[in-house]
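Chain A is the first sequence line, chain B the second, and so forth, proteins listed ahead of strands; every chain is numbered from 1. All values below were derived from every heavy atom in this structure, side-chain atoms included, with hydrogens, water molecules and symmetry-related copies excluded.
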Number of protein chains: 2
Amino acid sequence: MDRRQQKTRDAIFRAFSSLLETKRYGNITVQEIIDEANIGRSTFYAHFDTKDELLKAMCTNLFSHVFSDELISEKTHDFSGTNNGLEARLSHILHHLKDSEKDMVGILSCESGELFMKYFKEYLSEMFSRYLSEIKVNAPADFILYHLSGSFAETVKWWIDHKMKCTPEETARYYMEVSCIAGITGTDE
Amino acid sequence: MDRRQQKTRDAIFRAFSSLLETKRYGNITVQEIIDEANIGRSTFYAHFDTKDELLKAMCTNLFSHVFSDELISEKTHDFSGTNNGLEARLSHILHHLKDSEKDMVGILSCESGELFMKYFKEYLSEMFSRYLSEIKVNAPADFILYHLSGSFAETVKWWIDHKMKCTPEETARYYMEVSCIAGITGTDE
DNA sequence: ATGATAATGAACAATATGTTCGGTAAATGT
DNA sequence: ACATTTACCGAACATATTGTTCATTATCAT
């Protein structure tokens, strides 16, 4: 990719991220992003058609990082043996999220949080579905999946709202405590 | 309250609700609400300073209805005896929500859902706090509360996304199944 | 060096915002 | 029934945002 594109793209992301720290997504205008990023009007629209697409791109960036281990371990199928249980995996995800703390706090602010959570849950749902067969709960499978993804996403939100003061391990522990999957280890087969 | 006020207020609510059926909250303009409600520009601003306040007012309306039994039973303290357990209470809330199905679907659409959920969880959190002492889970109390409110709100969302095809009772049952409060009855004392 | 690609900035029409104000119609209460 | 209060209207207003276009300039890749 052209260095110039990368540069402006980064500038836009940074500007957006910075604005999210002080304003709600819905109240941020394209104009402000342009001003903050210090780029030309037409340049912005050359990169993103809408504000929503910018947010989506940002989330995708983040998740591709956060879930990168997931994808790798899925591909190499080497997560069956050692300490790759569900709880450890959740800790892992939280660790990655902590790396992006600054962005997270902003993105999760109110309205944009809705979109973020939506995308986040999609990733989570896919992950949890691998454990579904182990779960013995008398409810529809899609409800269980919805619940697990949703409540873990909520856990992350709680964690961030509390300035990530707990360690990822503690947080993952709490989630397991409160979840109906307490018995699941994910270390089967 | 002046009949005229009530009339325009209703018109605004109806217009807003109707718009939410086809558009996302963030993409709805005040202008559209004005046109749909067929009122004067200044009239809208005489009622609501911002779009957010309109949404908030709508949510408050809804919840005061949905949680009305809650408040009554709390006041009269007569929910200790018979079938007033937690599960029954949750069913009750779902029943009330079903009455407002049309509004719900709209409000929950994406961005506005975030605000709706926020307000909803505040009510739920207050309700769940009454059961907190009974819950034996090794995690911070505020986390548990956050989790219970959040996951029940998510349950409602799931329910609505599925066109409320399950009965409120089934839905409440699923929630209890999947929740860490399965043992709680709420019929103590 | 040069052709290709990206950023610029200004200008554009179209729309949205939030406010003001005199006039009109309807409600209230006595 | 009447006078008074109150709400609505609608037009006009300055201001801001949006999304697009285009000619110009700067930067990149090779």
Inset, instruction - Taking only the side-chain heavy atoms of B:Arg41 (C-beta and beyond), determine which of C:dT19, D:dC28, C:dA16 contains the nearest atom. - result: C:dT19
Inset, instruction - Report the relative orientation of the aromatic rings in A:Phe143 and B:Trp158; use parallel for angles under 30°, tilted for 30 to 60°, perpendicular for over 60°. - result: perpendicular
Inset, instruction - Select base, sugar-phosphate, or nothing to describe what A:Thr43 touches, counting heavy atoms under 4.0 Å on all strands. - result: base
Legend entry - Distance-only donor-acceptor check, side chains B:His147 and A:Thr155, under 3.5 Å: no
Inset, instruction - State plainly whether the residues B:Arg173 and B:Glu169 are in salt-bridge range, i.e. N to O under 4.0 Å. - result: no
Inset, instruction - Kindly point out which of C:dA16, C:dA6, C:dA11 is positioned nearest to the side chain of B:Gln31? - result: C:dA16
Inset, instruction - Kindly assign one of parallel, tilted or perpendicular to the pair A:Phe48 and A:Phe13, based on the angle between their ring planes and the thresholds 30° and 60°. - result: tilted
Inset, instruction - From the options D:dT6, C:dT17, D:dC9, select the nucleotide whose nearest atom is closest to the side chain of B:Gln5. - result: D:dT6
Legend entry - Among C:dA26, C:dG18, C:dA6, the one nearest B:Arg4 by side-chain distance: C:dA26
Legend entry - N/O donor-acceptor pair, side chain A:Ser42 with base D:dG19, under 3.5 angstrom: no
Inset, instruction - Measure from the side chain of B:Tyr45, starting at C-beta and using heavy atoms only, and say which of D:dC28, D:dG19, C:dT19 lies closest. - result: C:dT19
Inset, instruction - Select base, sugar-phosphate, or nothing to describe what B:Arg3 touches, counting heavy atoms under 4.0 Å on all strands. - result: sugar-phosphate
